[in-house]
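In what follows, a structure is listed as structure tokens, so that the remarks can point back to it.
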Protein chains: 2
Amino acid sequence: MEGLRDRTKRAVRAELARQALELFAERGFDETTVDDIARAAGLSKRSFFRYFPTKEDAVFGELDAMGEQIAQEVAGRPPEEGPWECLHAVLRGWEERINAQVDAMRLVESTPALRTRLLQKRDEVRGRVIRALADRGVPPFEADLAAAAAGAALDAVAREWLRTDGSADRLALVDRAFTMLRPAFLS
Amino acid sequence: MEGLRDRTKRAVRAELARQALELFAERGFDETTVDDIARAAGLSKRSFFRYFPTKEDAVFGELDAMGEQIAQEVAGRPPEEGPWECLHAVLRGWEERINAQVDAMRLVESTPALRTRLLQKRDEVRGRVIRALADRGVPPFEADLAAAAAGAALDAVAREWLRTDGSADRLALVDRAFTMLRPAFLS
DNA sequence: ACACAATATGGCACTTGGTGTCGCAAGTGG
DNA sequence: CCACTTGCGACACCAAGTGCCATATTGTGT
């Protein structure tokens with residue numbers, strides 16, 4: 001048995017994230033101190049940093065795990081598939097899960113520190129995806145370009161989605177973006 | 001006459017950047033405090049922040065101006081040119097100027113904080129480029145996608161260049177990247 | 001049920017990036 | 001030579017993040 005402690009830990013983590021998001025929404029990111037968040041969740045600033053490495057990560061908590069899974073899905077795709085189709089297929093699947101919350105995205109997009117952290121996270125994911133593609137035999141430059149372009153595509157889709165106040169069909173946008181950028185990756 | 005004060009100001013700024021780069025190279029970015037840099041250049045921490053808004057900007061000092069010029073060049077292109085060719089042409093011209101220094105790029109690439117700041121800067125430039133494209137009549141989503149993809153292309157090129165220890169032909173790489181990603185932007 | 005070990009927490013001190021303020025010294029312009 | 005602007009140092013201050021240690025809490029073996 002090793003599930004009880006982990007469960008409480010995840011519960012605290014979730015509560016912390018919830019409180020953080022709420023405070024950010026009402027007061028703004030910069031106007032909210034880590035101490036405020038911790039207090040609201042019933043613990044100390046010191047403990048906050050045992051759950052999240054930075055203040056920003058209270059918003060992007062599970063993004064790291066997502067990156068790992070994305071890389072794994074890329075690795076698990078049929079070997080004959082080209083890199084671009086591979087990324088298109090995998091990311092299409094994730095697009096739905098990523099952000100149903102318009103308000104959270106607005107918060108991120110309107111807060112430089114959060115926007116920055118998001119770019120950073122995506123950069124890390126890109127690194128993992130490149131390695132996954134490399135394992136499929138894709139040459140480094142092609143892998144790098146494909147991963148970077150795919151990230152750019154998702155980013156553009158997200159912003160377009162915000163521009164239309166969340167009324168656009170995200171899957172359609174993803175398909176459109178990936179089609180427009182369809183590279184000469186063999187295919 | 002309004003040149004003396006400005007000249008010393010630019011001189012101090014340059015000296016500050018020089019010292020910063022030197023200290024970063026020998027001690028590492030995180031191990032160098034702003035106070036160290038300021039002292040090395042003969043002034044106070046407070047004054048450092050009158051020349052650069054953040055510690056990272058001592059490395060990326062003139063990037064903002066570049067972004068502005070890029071946007072202007074985009075605006076100044078023949079109106080009938082498609083967005084992708086437009087970006088290709090403009091950025092091709094910049095690629096040479098951007099970084100002849102391998103060591104500086106290595107420093108950036110191996111320092112998370114600097115890498116992050118670079119992503120951030122590019123994101124700002126992307127915003128300006130989008131507006132420039134929009135002024136040319138390119139629809140928002142296309143403009144956004146093109147700008148984001150162009151940024152991704154340059155990033156991939158930069159990394160490939162590092163992979164080959166600076167021996168690759170950057171212009172050729174740029175052309176290759178832009179060709180591979182050639183989108184269906186009308187053309 | 002009890003003792004023991006593992007672990008979560010809190011408090012504290014400390015470093016560092018970054019900002020507001022104020023007084024001073026120096027250049028600038030008439 | 002006299003106002004006026006402007007760069008600078010010094011100081012106080014805030015918040016993010018880290019190391020350290022003492023202590024509570026809880027899971028586990030007997």
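The analysis underlying the following values was restricted to heavy atoms, covering all of them including side chains, and did not include hydrogens, waters or symmetry mates. Treat the numbers as computed from the prediction; the structure is a model and nothing was measured. Chain letters run A, B, ... following the sequence lines, proteins first and then strands; every chain starts at 1.
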Please list, in numerical order, the residues of residues 53-64 of chain B that have a heavy atom closer than 4.0 Å to any atom of DNA chain C.
B:Pro53, B:Thr54, B:Lys55

Rounded to whole Å, please give me the gap between NZ in A:Lys9 and P in C:dA6.
16 Å

What integer distance in Å separates B:Asp30:CG from D:dT18:P?
11 Å

Measure the angle between the two terminal helix axes of the helix from C:dA1-D:dT30 to C:dG30-D:dC1, five base pairs each, and quote it to 10°.
20°

Other than B:Leu16, what residues sit in its cluster of Ile, Leu, Val, Met, Phe, Trp and Tyr side chains whose heavy atoms are under 4.5 Å apart, directly or through others?
B:Val12, B:Leu21, B:Leu23, B:Phe24, B:Phe29, B:Val34, B:Ile37, B:Leu43, B:Phe48, B:Phe49, B:Tyr51, B:Phe52, B:Val59, B:Phe60, B:Leu63, B:Leu107, B:Val108, B:Leu114, B:Leu118

Specify the separation, in whole Å, of atom CZ of B:Arg27 and atom P of C:dT16.
11 Å

In whole Å, I'd like the distance from the CG atom of A:Asp6 to the C1' atom of C:dA8.
13 Å

Regarding the side chain of A:Val34, the nearest nucleotide among C:dA8, D:dC8, D:dA16 is D:dA16

salt_bridge(A:Asp6, A:Arg10) N-O dist < 4.0 Å
no

Output the residues of residues 35-50 of chain A in contact with DNA chain D, where contact means a heavy atom of the residue under 4.0 Å from an atom of the strand; sort by number or write none.
A:Lys45, A:Arg46, A:Phe49, A:Arg50

Residues in side-chain contact (heavy atoms from CB on, under 4.5 Å) contact with A:Leu162, at least two apart in sequence or another chain:
A:Val102, A:Met105, A:Arg106, A:Glu109

I need the CZ-C1' distance between A:Phe52 and D:dA15, as an integer number of Å.
19 Å

Please identify each residue that fulfils side-chain contact (heavy atoms from CB on, under 4.5 Å) with B:Leu119, with sequence neighbours left out.
A:Leu119, A:Asp123, B:Arg115, B:Arg122

Residues in salt bridge (Lys or Arg N to Asp or Glu O under 4.0 Å) contact with B:Arg18, at least two apart in sequence or another chain
B:Glu15, B:Glu22

Within a radius of less than 6.0 Å around CD of A:Glu62, do more than 12 heavy atoms belonging to other residues, nucleotides or ligands occur?
no

Please enumerate all residues that pass salt bridge (Lys or Arg N to Asp or Glu O under 4.0 Å) together with B:Asp35, with sequence neighbours excluded.
B:Arg39

Between C:dT9 and A:Tyr51, is there an OP1 or OP2 to side-chain N/O distance shorter than 4.0 Å?
yes

Identify, with sequence neighbours excluded, every residue that meets side chain to side chain donor-acceptor pair (under 3.5 Å) alongside A:Asp36.
A:Arg27, A:Thr33

Residues which pass side-chain contact (heavy atoms from CB on, under 4.5 Å) with B:Asp169, listed by chain and number, not counting sequence neighbours
B:Leu171, B:Ala172

Partners passing salt bridge (Lys or Arg N to Asp or Glu O under 4.0 Å) against A:Arg13 (at least two apart in sequence or in another chain):
none

So, using side-chain contact (heavy atoms from CB on, under 4.5 Å) as the criterion, who are the partners of A:Pro140 when residues are at least two apart?
B:Glu160, B:Arg163

